[in-house]
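Here the structure is laid out as structure tokens; the discussion comes afterwards.
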There are 2 protein chains.
Amino acid sequence: MIHNYNSEDKVLLAVDCIIFGFDEEDLKILLVKRDFEPERGKWSLMGGFLKRNEDLDQAANRILHHLTGINNVYMEQLYNFSKVDRDPVERTISVAYYALINIAEHKQELTENYSAKWFSFSEAPQLIFDHDRMVQHAIHRLRYRTSTKPIGFELLPEKFTMRQLQKLYEAILNDKLDKRNFINKINSLDILLKLDEKDMNSSRKGSFLYMFDEAKYKKKIADGFSFRL
Amino acid sequence: MIHNYNSEDKVLLAVDCIIFGFDEEDLKILLVKRDFEPERGKWSLMGGFLKRNEDLDQAANRILHHLTGINNVYMEQLYNFSKVDRDPVERTISVAYYALINIAEHKQELTENYSAKWFSFSEAPQLIFDHDRMVQHAIHRLRYRTSTKPIGFELLPEKFTMRQLQKLYEAILNDKLDKRNFINKINSLDILLKLDEKDMNSSRKGSFLYMFDEAKYKKKIADGFSFRL
DNA sequence: ACAAAAGTGTTTAAGGTACACCCATGT
DNA sequence: ACATGGGTGTACCTTAAACACTTTTGT
């Protein structure tokens, strides 16, 4: 006897994306204004529905691309939100994903999307449904992940200064860090490449630019190194 | 205009449970032998389908109870597994949960369930579909969680010895720990209640029994304490 | 008396934290 | 010459890790 699942309930599976960016000062999230009922006019995460012929990662990437033009960024599945009445229109389970994008690099794509807007994380408006809870999960995960994996670089330009990196971590962790201790720690990890080039925008003296050396990092990981910041 | 979702695809949402236990020596997982095709006769996680009128936590609890008679144990949502062809019968997305149960306390309920069997974590058979990947996720999460939250106690009897607690952590972390360092660390956390009572089963001298003092732990957490083992 | 597990502290190494001044440059 | 951000090192303290012997009691 072959089991079949005909008698089981089927549901709609939504994917909602918490999109983080960083603008040299603040951690930001990208929101859209809903242009349909219910909750028309309120701000919301970017979302869509899983299709029959794709897996969740593909759906999250498709939805992100469809709503922002952005492709190929760091995304991670977070958690499911499944309260029976969470969506007033119809029973829907939502899978939250979060994404890290470099705002500067993707400014172009985004200006074409009129309803999307960056908000400072701390000043974001209230969101529809249970989207605020999703954001809370996401920031929590982001803090953990950036402390144990070198994914913070996804939010920075390819070349960045120590100062930018420190400000990024301060924004994510919502805490001030000591400049010397931070640099000592980063340097002790030995996963950055210091360039000869300087960034002259932020000061007269100029500050050296660095790049994340992914090859070196991977080699160290294979040798048992563990990232911890 | 009210949006409706009629044109969207619906899917089956399964819930699969990784059930951990501990028997004084080894970490164990509870598996069932499938009695239907496909993969009849192979071992599998306990699973079922989400129903229309319940959320995922409720579904996970219902499924666990239905297949084992067990209620009211620690459960946590893990991750979704959504490859398009992961289930050969029909497109199914599976939400993995893991549960922690005290084997001794629930021995009765389980003996009545003939197809369920405890396996040492390290000696478990190969599982159907992507269940082995689910188990990998679960052990990883369990290691992290037991290092940062006092949930290990869920796997022990209410009263336990330091030795049992140490063996539990050794089993979860798959590593030997130093007895003196372990006890010093636990004591420094100051979240256990030492009883006057001794357990006389494991030695002639007998060893003191302890309980997790949840009230004390919660008070300490409220005061900014953070558990780390 | 001996076997078997329980219980107990100290020393050392490593990592984390706090902290203040000089440098280079454009205006 | 001065204002602005960049860059650098050390002392102290806390936490982690290594390590061995005595106690109790049933047989």
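Here the structure is a predicted model, which is why all the values come from computation and not from measurement. Letters A, B, ... mirror the listed sequences (proteins, then strands); counts begin at 1.
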Heavy atoms of other groups near B/Glu158 CD, more than 12 under 6.0 Å: no
So, is the end of the A/Lys194 side chain (NZ or CZ) under 6.0 Å from the ring centre of A/Tyr210 and within 45° of the ring's axis? no
Just N and O in the side chain of A/Arg163: are any of them under 4.0 Å from OP1 or OP2 of D/dG6? yes
Check for me whether A/Lys219 meets the cation-pi criterion with A/Tyr217, that is, NZ or CZ under 6.0 Å from the six-membered ring centre and within 45 degrees of the ring axis. no
Taking CD from B/Gln164 and C1' from C/dA6, how many angstroms apart are they, rounded to a whole number? 13 Å
Using whole Å, report how far CZ of A/Phe208 lies from C1' of C/dA24. 11 Å
Neighbours of DNA chain D within residues 169-201 of chain B, by heavy-atom distance under 4.0 Å: B/Asp178, B/Arg180, B/Asn181
Ion pair B/Glu24/B/Lys167, N-O distance below 4.0 Å: no
With a cut-off of 6.0 Å (strictly less than), are more than 12 heavy atoms of other residues, nucleotides or ligands near NZ of A/Lys220? yes
Pick the nucleotide of DNA chain D nearest each of A/Ser207 and B/Gly206; which residue has the one closer to the 5' end? A/Ser207
Taking donor-acceptor contacts at under 3.5 Å, does the side chain of B/Lys205 reach the base of C/dA6? yes
Report the distance from atom CD of A/Gln166 to atom P of D/dG5, rounded to the nearest whole Å. 14 Å
Has B/Lys149 got more than 12 heavy atoms of other residues, nucleotides or ligands less than 6.0 Å from its NZ? no
